Amino acid sequence: MPLKIQPRVPRGMRDILPQQMLLRQYVIGEVEKVFQRFGFEPLQTPVLELRETLMGKYGPDAEKLIYDAQHREGKEELSLRYDVTVPLTRVVAMYPELVKPFKRYQIAPVFRAERPQKGRYREFYQCDADIVGSKSMLADAEIVTMIYTVFKQLGFKSFVTKINNRKILTAIGERTGVPPESLGALYRSIDKMDKIGQEGVVDELTKALTDERLGNKRLSLAEAKKTAEQTVSFTRLYDGGWPELLRSHPLAQQGFDELDQMRKFLDDTGVPVSYIEIDLSMVRGLAYYTGPIFETVVTEPKIGSLSGGGRYDELMGLFSNQSLPMTGTSFGIERIIDVMDELTMYPASIGKTVTQALVTVFNRDLIGASVRVANALRAAGINTELALDADGLGKQLKYAAAKSIPYAIIIGPDEAAAQKATLRDLSSGEQTVVAESEIAEAIKLKAQS
RNA sequence: GUGGCCAUAGCUCAAUGGCAGAGCGUCUGACUGUGGAUCAGAAGGUUGCGGGUUCGACACCCGUUGGCCACCCCA
């Protein structure tokens with residue numbers, strides 16, 4: 001007797017059982033409908049990409065999390081995709097004939113070897129929508145409008161999309177004179193503003209700027225503190241305007257101008273201002289963003305961002321001589337689902353099973369009658385299960401109840417003789433005898449009320 | 001990647017270093033034309049895995065794997 005193997009799944013990955021799957025399909029379906037309503041088209045790419053396609057795009061921290069997917073005798077170096085944005089860029093570079101602007105969506109699993117936690121898995125679905133080939137801030141505004149529409153559609157009430165611009169962040173770095181090798185630390189610190197507050201950021205940034213490990217350009221304590229304070233003051237929103245010292249920086253000027261344009265377009269597309277927040281302390285981690293960046297968070301359960309995205313005009317340049325402006329967003333379906341689970345936001349119409357009716361089998365002689373009824377119901381578009389074993393009727397009804405199947409159909413000798421069937425409503429226990437030809441109609445009628 | 005808490009039946013959890021248990025669930029029957037209730041019975045375990053301490057380990061120690069939480073980062 002060989003030793004049994006422990007049934008389990010890899011770390012950070014999970015099975016999704018039918019009941020959970022139905023909720024998932026609902027959420028994904030709603031997101032997809034909104035994507036299509038905004039004119040995005042579906043795209044599929046391989047789960048594996050050549051390693052060289054992925055490397056050098058996300059930044060060193062992120063790239064440590066990329067899975068290798070080598071076959072023992074394979075000659076190509078392969079990796080599991082880390083997101084679906086870089087593969088899109090690869091596609092756009094490979095098929096220059098695609099009509100621009102190219103708008104595509106992709107809903108697919110991606111893989112990151114992080115330490116798992118609530119709302120963080122090693123395999124998770126991203127729902128991406130991107131616009132390729134438009135420099136207009138209207139494209140970014142469309143993306144943000146779509147984000148708003150998706151969350152509204154799913155029934156979210158308290159969420160906000162934060163908007164910032166990479167150009168402003170870069171300008172802050174230059175204006176404050178933070179050495180380039182410390183820019184990462186600078187961004188990481190100010191990104192925590194809403195968590196640890198302005199003073200927290202000053203402290204942390206001061207510490208980072210005086211850290212010896214950052215090399216020869218490290219600042220003295222006094223310099224560092226001054227730089228940190230200036231940085232924080234730059235990210236603060238003054239009523240009506242931005243700090244003049246920052247504003248005069250050419251890159252910041254561009255960034256502010258882009259923000260203004262977006263704001264105007266968002267006003268035109270009708271996104272209420274309460275759902276938008278300009279936040280100069282919001283940073284997105286991925287290295288490829290160059291312009292506007294956005295991130296959507298909910299306030300109630302603490303779970304991190306539910307969607308993130310931005311403009312990445314330079315990424316295509318890594319694959320092709322021709323460069324193309326791109327912008328887009330990514331929804332994290334598992335986090336959206338985790339939040340919706342926690343707040344029980346699903347419409348009651350989503351059942352626990354796809355089956356609408358169970359046709360019971362009374363005994364071996366009456367199997368034929370039951371099969372005929374099941375066929376008729378299926379032909380009429382009703383999801384129908386046929387009892388497969390002629391067990392006792394009690395057992396069959398118990399099965400229907402356990403699976404939350406709403407209706408059971410009973411065809412015993414009496415019904416069979418009269419070409420009828422008993423239709424039982426499992427939730428109320430109510431029973432009616434209906435002519436065989438009218439069962440489908442009767443179920444449809446009941447299901448509506 | 002760093003730190004903390006945890007791991008016993010399908011699930012939730014008990015068991016002073018001394019016989020591994022309960023509730024729920026599952027299965028069978030009471031019930032050969034009707035589910036959720038009740039009653040009776042049954043099945044179900046290498047106490048995550050590997051070492052160590054001990055006369056004796058579910059318990060204590062070390063390691064390992066996995067889960068949760070915080071940090072880091074992110075969807």
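This is a predicted model, so every value here is computed, not measured. Chain A is the first sequence line, chain B the second, and so forth, proteins listed ahead of strands; every chain is numbered from 1.
Cation-pi check for A/K103 over A/F40 is met; the charged atom lies under 6.0 angstrom from the ring centroid and within 45 degrees of its normal.
Between A/Y82 atom OH and B/C74 atom P there is a gap of 7 Å when expressed in whole angstrom units. Rounded to an integer number of Å, the gap from A/D191 CG to B/C72 C1' is 12 Å. Protein atom CZ of A/R120 is 10 Å distant from nucleotide atom P of B/C72, rounded to whole Å. Between the CD1 atom of A/I66 and the C1' atom of B/G1 there is a distance of 16 Å, given to the nearest Å. Rounded to whole Å, atom P of B/A75 lies 13 Å from atom CG of A/D130. Atom CE of A/M282 is separated from atom P of B/A75 by 11 Å (rounded to the nearest Å). The nearest whole Å value for the distance from the CD atom in A/E63 to the P atom in B/C74 is 13 Å. What separates NZ of A/K207 from P of B/C72 is a distance of 12 Å, to the nearest Å.
Between A/Y312 and A/Y288, the two ring planes are tilted [angle within 30° to 60°]. Using bins of under 30°, 30° to 60° and over 60° for the plane-to-plane angle, the ring pair A/F151/A/F331 lands in the tilted bin.
In this structure A/Q198 satisfies the side chain to side chain donor-acceptor pair (under 3.5 Å) test together with A/R236, sequence neighbours excluded. A/R24 is linked by a side chain to side chain donor-acceptor pair (under 3.5 Å) to A/E334, counting only residues two or more places apart in sequence or in another chain. Remark: A/D140 pairs with A/R311, A/T327 by the side chain to side chain donor-acceptor pair (under 3.5 Å) rule, at least two apart or across chains.
Comparing B/U53 with B/A14, their C1' atoms sit 26 Å apart, to the nearest whole Å. Of the P atoms belonging to B/A30 and B/G36, the separation is 14 Å, rounded to the nearest Å. Rounded to a whole angstrom, the distance from the P atom of B/U46 to that of B/C11 is 13 Å. Spacing between B/G18 and B/G23 at atom P, rounded to whole Å, works out to 23 Å. Nucleotides B/A43 and B/U12, compared at atom P, are 24 Å apart to the nearest Å. Taking atom C1' on both B/G1 and B/C74, the two are 14 Å apart, rounded to the nearest angstrom. B/U65 and B/A75 are spaced 27 Å apart, taking the C1' atom of each and rounding to whole Å. Atom P of B/A15 sits at a distance of 24 Å from the matching atom of B/G56, rounded to the whole Å.
Rounded to the nearest 0.5 Å, atoms CG (A/D338) and CE (A/M340) are 11.5 Å apart. For the atom pair A/L22 CG and A/Y346 OH, the distance stands at 11.0 Å (nearest 0.5 Å). Expressed to the nearest 0.5 Å, how far CD1 of A/I405 lies from OG1 of A/T353 amounts to 5.5 Å. The distance from atom CG of A/L183 to atom CD1 of A/I172, rounded to the nearest 0.5 Å, is 11.0 Å.
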Contact letters for nucleotides 64-70 of chain B, in which S counts primed atoms plus P, OP1 and OP2 and B counts the base, heavy atoms under 4.0 Å = --SS-SB
message = Counting primed atoms plus P, OP1 and OP2 as sugar-phosphate and everything else as base, spell out the protein contacts along nucleotides 26-34 of chain B at 4.0 Å heavy-atom distance: B, S or - for each nucleotide, 5' to 3'.
response = --S----BB
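Looking at A/D191, its side chain does come within 3.5 Å of a backbone N or O of A/V283 through a donor-acceptor pair.
Counting non-hydrogen atoms under 4.0 angstrom, A/L65 reaches nothing in the nucleic acid. Among the atoms of the strands shown, only primed sugar atoms or phosphate atoms (P, OP1, OP2) are found under 4.0 Å from some heavy atom of A/G285. Among the atoms of the strands shown, none is found under 4.0 Å from any heavy atom of A/T360.
The phosphate of B/C72 has OP1 or OP2 within less than 4.0 Å of a side-chain N or O from A/K192.
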Ring pair (Phe, Tyr, Trp, His ring centres under 6.0 Å) assessment of A/F159 paired with A/Y275 = CA-CA 7 Å; A/F159 63 92; A/Y275 289 95; 4.8 Å; yes
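Taken together, the paired segments of RNA chain B that extend over three or more consecutive Watson-Crick or G-U pairs, each closer than 3.5 Å at both contacts, are B:1-7 with B:65-71, B:10-13 with B:21-24, B:26-30 with B:38-42, B:48-52 with B:60-64.
For the side chain to side chain contact (heavy atoms under 4.5 Å, CB included) criterion with A/F319, the lone passing option out of A/V92, A/V91, A/V86 is A/V86.
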